[in-house]
Amino acid sequence: MTIHVSNMKELNKALQPVLKGMVGEMADRVEQTLNHFLQEYYNSYDPVYYRRSYDFLHSAIKTEPKVVGNKVVASVYIDTDSMNNYYDATGEQVARWANEGTHSGTIQGNNTPHVWDDTMDETVNNGELLKLAVDYLKSKGISVRM
């Protein structure tokens, strides 16, 4: 399909659906990877002294892509506010410990991941999101070279 544009406003309008789709797929990939590492974090340690609430396991949040100014954005994050029933720790502290590869700040699990850093390594830092974006744009007929 050919789209004719005569100014930047029309070009922006024509590209927005494509960019929203691309950003949505990228956010989906980050969320999937984050959920993988959250599960690995849970698998790395079997607590003896407490019963798990699983709040942290289910804390990954992904927002839908939206236009903000001249950009399309989506967010993937750990909702630390939803983790309010930990004894002597905030949700933010639990997330920080998980990114340090510990449980409760001191207990090393078996192959405990660094939840957020490992997610970034497996999506952004290794170029996977860039490849995903390029492939998405190509699938929509937009010529892109890396």
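Every heavy atom of this structure was used, including side-chain atoms; hydrogens, water molecules and symmetry mates were not.
More than 12 non-hydrogen atoms from other residues, nucleotides or ligands lie less than 6.0 angstrom from CG of Asn12.
With contacts defined as side-chain heavy-atom distances shorter than 4.5 Å, the pair Thr112/Glu40 does not qualify. The closest side-chain heavy-atom distance from Asp118 to Pro113 is below 4.5 Å. Side-chain contact between Ile61 and Ile78: absent, with no pair of heavy atoms (C-beta onward) separated by less than 4.5 Å. Taking 4.5 Å as the limit, every side-chain heavy atom of Val23 sits out of range of all side-chain heavy atoms of Val73.
Considering Asn35, Val30, Thr123, Thr119 as possible partners of Val76, the one that fulfils the side chain to side chain contact (heavy atoms under 4.5 Å, CB included) test is Val30. With Val72 as the partner, the side chain to side chain contact (heavy atoms under 4.5 Å, CB included) test is satisfied by one option alone out of Val18, Leu19, Leu15: Leu19.
Rounding to the nearest 0.5 angstrom, the gap separating the CG atom in Leu132 from the CG atom in Leu137 is 9.5 Å. Atom CG of residue Leu129 and atom CE of residue Met22 lie 10.0 Å apart, to the nearest 0.5 angstrom. His4 contributes atom NE2, which lies 11.5 Å from atom CD of Glu10 (distance to the nearest 0.5 angstrom). For the atom pair NZ of Lys138 and CZ of Arg145, the computed distance is 10.0 Å after rounding to the nearest 0.5 Å. Interatomic distance, Lys20 NZ to Glu25 CD, rounded to the nearest 0.5 Å: 15.5 Å. Atoms NZ and CZ, on Lys131 and Arg29 in that order, are 11.5 Å from each other to the nearest 0.5 Å.
Although no hydrogens or angles enter the test, the distance criterion places a donor-acceptor pair under 3.5 Å between the side chain of Asn99 and the main chain of Trp116. One N or O on the side chain of Thr63 and one on the backbone of Ser75 form a donor-acceptor pair closer than 3.5 Å.
A single hydrophobic cluster is not seen to contain both Met26 and Tyr77; linkage of ILVMFWY side chains at heavy-atom distances under 4.5 Å, directly or through other members, places them apart. Under a hydrophobic clustering in which Ile, Leu, Val, Met, Phe, Trp and Tyr are joined whenever their side-chain heavy atoms come within less than 4.5 Å, directly or via other members, Tyr54 and Leu34 fall into the same cluster.
Note on ring orientation: taking the six-membered ring where Trp is involved, the planes of His103 and Tyr41 are parallel (angle under 30°, cut-offs 30° and 60°).
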Could you walk me through whether Thr80 and Ser59 pass the side-chain contact (heavy atoms from CB on, under 4.5 Å) check?
CA-CA 7 Å; Thr80 57; Ser59 66; over 6 Å; no
Could you walk me through whether Gln32 and Asp28 pass side chain to side chain donor-acceptor pair (under 3.5 Å), step by step?
CA-CA 6 Å; Gln32 289 168 0; Asp28 287 344; 5.8 Å; no
Show your working on side-chain contact (heavy atoms from CB on, under 4.5 Å) between Val67 and Lys71 and close with a plain yes or no.
CA-CA 6 Å; Val67 177; Lys71 300 175 185 176; over 6 Å; no
Apply salt bridge (charged side-chain N to carboxylate O under 4.0 Å, His left out) to residues Arg96 and Glu92 and explain how you reach the verdict.
CA-CA 6 Å; Arg96 191 174 303 120; Glu92 188 174 322; 2.8 Å; yes
For a side-chain contact (heavy atoms from CB on, under 4.5 Å) check, start with the C-alpha distance between Phe56 and Leu38, then their side-chain angles and the critical distance, and finish with the verdict.
CA-CA 8 Å; Phe56 186 48; Leu38 286 168; 3.5 Å; yes
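Checked against the 6.0 Å centroid threshold, His114 and Phe37 do not count as a close aromatic pair.
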